[in-house]
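Here is how names work: the chains are called A, B, and so on, in the same order as the sequence lines, proteins then strands, and each is numbered from 1.
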Protein chains: 2
Amino acid sequence: MVKRTSLEGDGCPIARSLDAIGDWWSLLIIRDAFFGVRRFSAFQRSLGLAKNILTVRLRSLVDRGILTTEPAADGSAYRDYVLTAKGRGLFPILVALRQWSEEFDEHPEEIATMLVDRSHHQPVRKLLLCANDGTPLRPEDTTLVPR
Amino acid sequence: MVKRTSLEGDGCPIARSLDAIGDWWSLLIIRDAFFGVRRFSAFQRSLGLAKNILTVRLRSLVDRGILTTEPAADGSAYRDYVLTAKGRGLFPILVALRQWSEEFDEHPEEIATMLVDRSHHQPVRKLLLCANDGTPLRPEDTTLVPR
DNA sequence: CGGACTGGTTTTATAATGCAACCACACAAG
DNA sequence: CTTGTGTGGTTGCATTATAAAACCAGTCCG
């Protein structure tokens with residue numbers, strides 16, 4: 001079998017996440033879903049990916065419980081793709097990707113948008129890793145232990 | 001040209017991040033690098049990926065300034081791959097992926113490890129998105145604005 | 001009813017990935 | 001110095017994933 005190796009059985013939770021959303025398009029679909037995109041054709045227009053690929057990706061995300069389909073909000077006979085609770089749980093990952101780009105991108109002037117809090121229109125804070133007692137942690141201050 | 005579409009020119013910082021690290025292996029390589037893996041053969045053993053793929057991925061990560069090579073720590077004539085500051089900046093993304101899996105995975109009992117703070121051996125806190133004034137924010141409490 | 005839109009499927013072409021074989025250099029033992 | 005093993009790749013080939021375009025049935029809009 002010479003197939004893209006699946007990470008499903010791996011004990012590492014990072015690998016398990018990537019197995020679900022680690023492909024080229026899934027996180028962009030989810031990003032658009034957070035932005036309010038719900039319809040097949042809207043995803044396709046926004047992302048510019050081939051329709052067959054979008055079909056496969058949406059099906060995979062639905063199968064994994066990240067998206068779900070529901071009757072279209074506009075009353076038509078079509079269906080909408082909307083985020084489940086599990087899908088909405090991906091928000092910190094999107095924020096972390098955004099903040100990394102904002103901090104380290106070679107061409108930050110090309111970044112077009114900023115994430116702000118809706119009520120004050122102020123930029124959000126950087127995600128901060130903290131210990132149980134609230135003190136900030138650097139990567140070196142952490143370690144992995146068996147569960 | 002029928003080639004995997006690049007996200008490089010996109011104005012969305014999420015797309016820009018994914019362009020750098022959004023492939024099947026890069027984040028796993030980086031995860032191992034945080035865990036202390038430094039040598040080509042060690043990455044290959046740990047990840048079980050083909051050597052030609054590893055060659056390409058490491059080169060890409062070095063080109064993008066996420067890894068760098070330096071003389072081997074053990075004094076041999078070989079070279080080590082180590083994270084740059086930009087690479088270490090990816091830690092929140094790894095943590096977010098880990099926490100998503102911990103919270104939503106279908107089979108949490110298969111998750112083998114826990115991230116703890118080194119001094120107290122207590123699990124780290126969940127990454128929390130906050131407004132500028134420190135109040136926690138849900139996804140719906142945020143919005144995107146032009147820069 | 002006619003035409004456009006929606007949400008796909010199918011077909012075909014190219015690129016990415018995986019595997020195995022190969023290879024030059026480093027290094028250690030004898 | 002010679003033989004054997006480990007390192008860090010490269011090359012060739014097979015298979016899979018992705019992309020573009022054509023096609024199609026059902027839906028909605030006037």
The side chain of B:Lys51 is closest to which nucleotide in this list: D:dA22, D:dG9, D:dA20?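 Comparing D:dA22, D:dG9, D:dA20 against the side chain of B:Lys51, the answer is D:dG9.
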So which nucleotide from C:dT11, D:dT10, C:dG18 ends up closest to the side chain of B:Ala50?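 Ranking C:dT11, D:dT10, C:dG18 by closest atom to the B:Ala50 side chain puts C:dG18 first.
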Taking [atom1] from [X] and [atom2] from [N], how many angstroms apart are they, rounded to a whole number?
X	N	atom1	atom2	answer
A:Ile53	C:dT11	CD1	C1'	13 Å
A:Leu58	C:dG8	CG	P	8 Å
B:Ile29	C:dT17	CD1	C1'	13 Å
B:Phe40	C:dC25	CZ	C1'	15 Å
B:Leu49	C:dA16	CG	P	16 Å
A:Leu54	D:dA19	CG	C1'	13 Å
A:Gln44	C:dC5	CD	P	13 Å
B:Leu47	C:dC19	CG	C1'	17 Å

Cationic N near anionic O, under 4.0 Å, A:Arg38 to A:Glu70: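 Between A:Glu70 and A:Arg38 there is a salt bridge, with a charged N closer than 4.0 Å to a carboxylate O.
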List, by chain and number, the other hydrophobic cluster members for B:Val145, where Ile, Leu, Val, Met, Phe, Trp and Tyr join if side-chain heavy atoms come within less than 4.5 Å, directly or indirectly.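 In the cluster with B:Val145 are A:Met114, A:Val116.
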[X] side-chain N/O to [N] phosphate OP1/OP2 under 4.0 Å:
X	N	answer
B:Arg39	D:dG8	yes
A:Trp25	D:dA17	no
A:Arg59	C:dT9	yes
B:Tyr81	D:dT7	no

Between the side chain of [X] and the main-chain N/O of [Y], is any donor-acceptor distance below 3.5 Å?
X	Y	value
A:Glu110	B:Asp10	no
A:Arg125	B:Leu129	no
B:Ser17	A:Arg98	no
A:Thr68	A:Val82	no

Quick check on the helix from C:dC1-D:dG30 to C:dG30-D:dC1: what's the angle between its two end axes, five base pairs per end, to the nearest 10°?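 The angle, to the nearest 10 degrees, is 30°.
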Contact class for B:Asp23 (heavy atom, under 4.0 Å): base, sugar-phosphate, or nothing?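 No contact at all - B:Asp23 keeps every heavy atom at 4.0 Å or more from the nucleic acid.
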Check every strand shown and say whether A:Phe43 touches a base, only sugar-phosphate, or nothing at a heavy-atom separation below 4.0 Å.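 Counting heavy atoms under 4.0 Å across all strands, no contact is made by A:Phe43.
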Could you list by number each residue of residues 68-77 of chain A showing a heavy-atom separation from DNA chain C of less than 4.0 Å, or answer none if no residue does?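 Those residues: none at all.
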Could you give the side-chain donor-acceptor pairs of residues 49-59 of chain B under 3.5 Å, partners two or more places apart or in another chain?
from    : atom 1 : to      : atom 2 : distance (Å)
B:Thr55 : OG1    : B:Lys51 : O      : 2.8
B:Arg57 : NE     : B:Asp23 : OD2    : 2.5

Does either side chain, that of A:Ser60 or that of A:Arg64, offer a donor lying less than 3.5 Å from an acceptor on the other one?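 Result is yes, a qualifying pair exists.
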Write out a two-atom table: protein N or O, nucleotide N or O from nucleotides 1-6 of chain D, distance below 3.5 Å.
from  : atom 1 : to      : atom 2 : distance (Å)
D:dG6 : N2     : B:Tyr78 : OH     : 3.0

Is there a side chain to side chain contact (heavy atoms under 4.5 Å, CB included) between B:Ile93 and B:Leu90 once you walk through the steps? CA-CA 5 Å; B:Ile93 297 173; B:Leu90 291 164; 3.6 Å; yes
Checking A:Phe40 against A:Tyr81 for the ring pair (Phe, Tyr, Trp, His ring centres under 6.0 Å) test, could you report, in this order, the C-alpha distance in whole Å, the side-chain angles of both residues, the deciding distance, and whether it holds? CA-CA 8 Å; A:Phe40 185 95; A:Tyr81 292 90; 7.0 Å; no
Please test B:Asn132 against A:Asp117 for side chain to side chain contact (heavy atoms under 4.5 Å, CB included), starting from the C-alpha separation and ending with a verdict. CA-CA 8 Å; B:Asn132 205 331; A:Asp117 88 276; 5.5 Å; no
For residues 135-142 of chain A, tabulate all N or O donor-acceptor pairs below 3.5 Å that involve a side-chain atom, not counting sequence neighbours.
from     : atom 1 : to       : atom 2 : distance (Å)
A:Thr135 : OG1    : A:Asp133 : OD1    : 2.9
A:Arg138 : NE     : A:Asp141 : OD2    : 3.2
A:Arg138 : NH2    : A:Asp141 : OD1    : 3.1
A:Asp141 : OD2    : A:Arg138 : N      : 3.0
A:Thr142 : OG1    : A:Pro139 : O      : 2.7

DNA chain D: 5'-proximal contact among B:Ala42 and A:Arg57 (nearest heavy atom):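 Residue closer to the 5' terminus by nearest nucleotide: B:Ala42.
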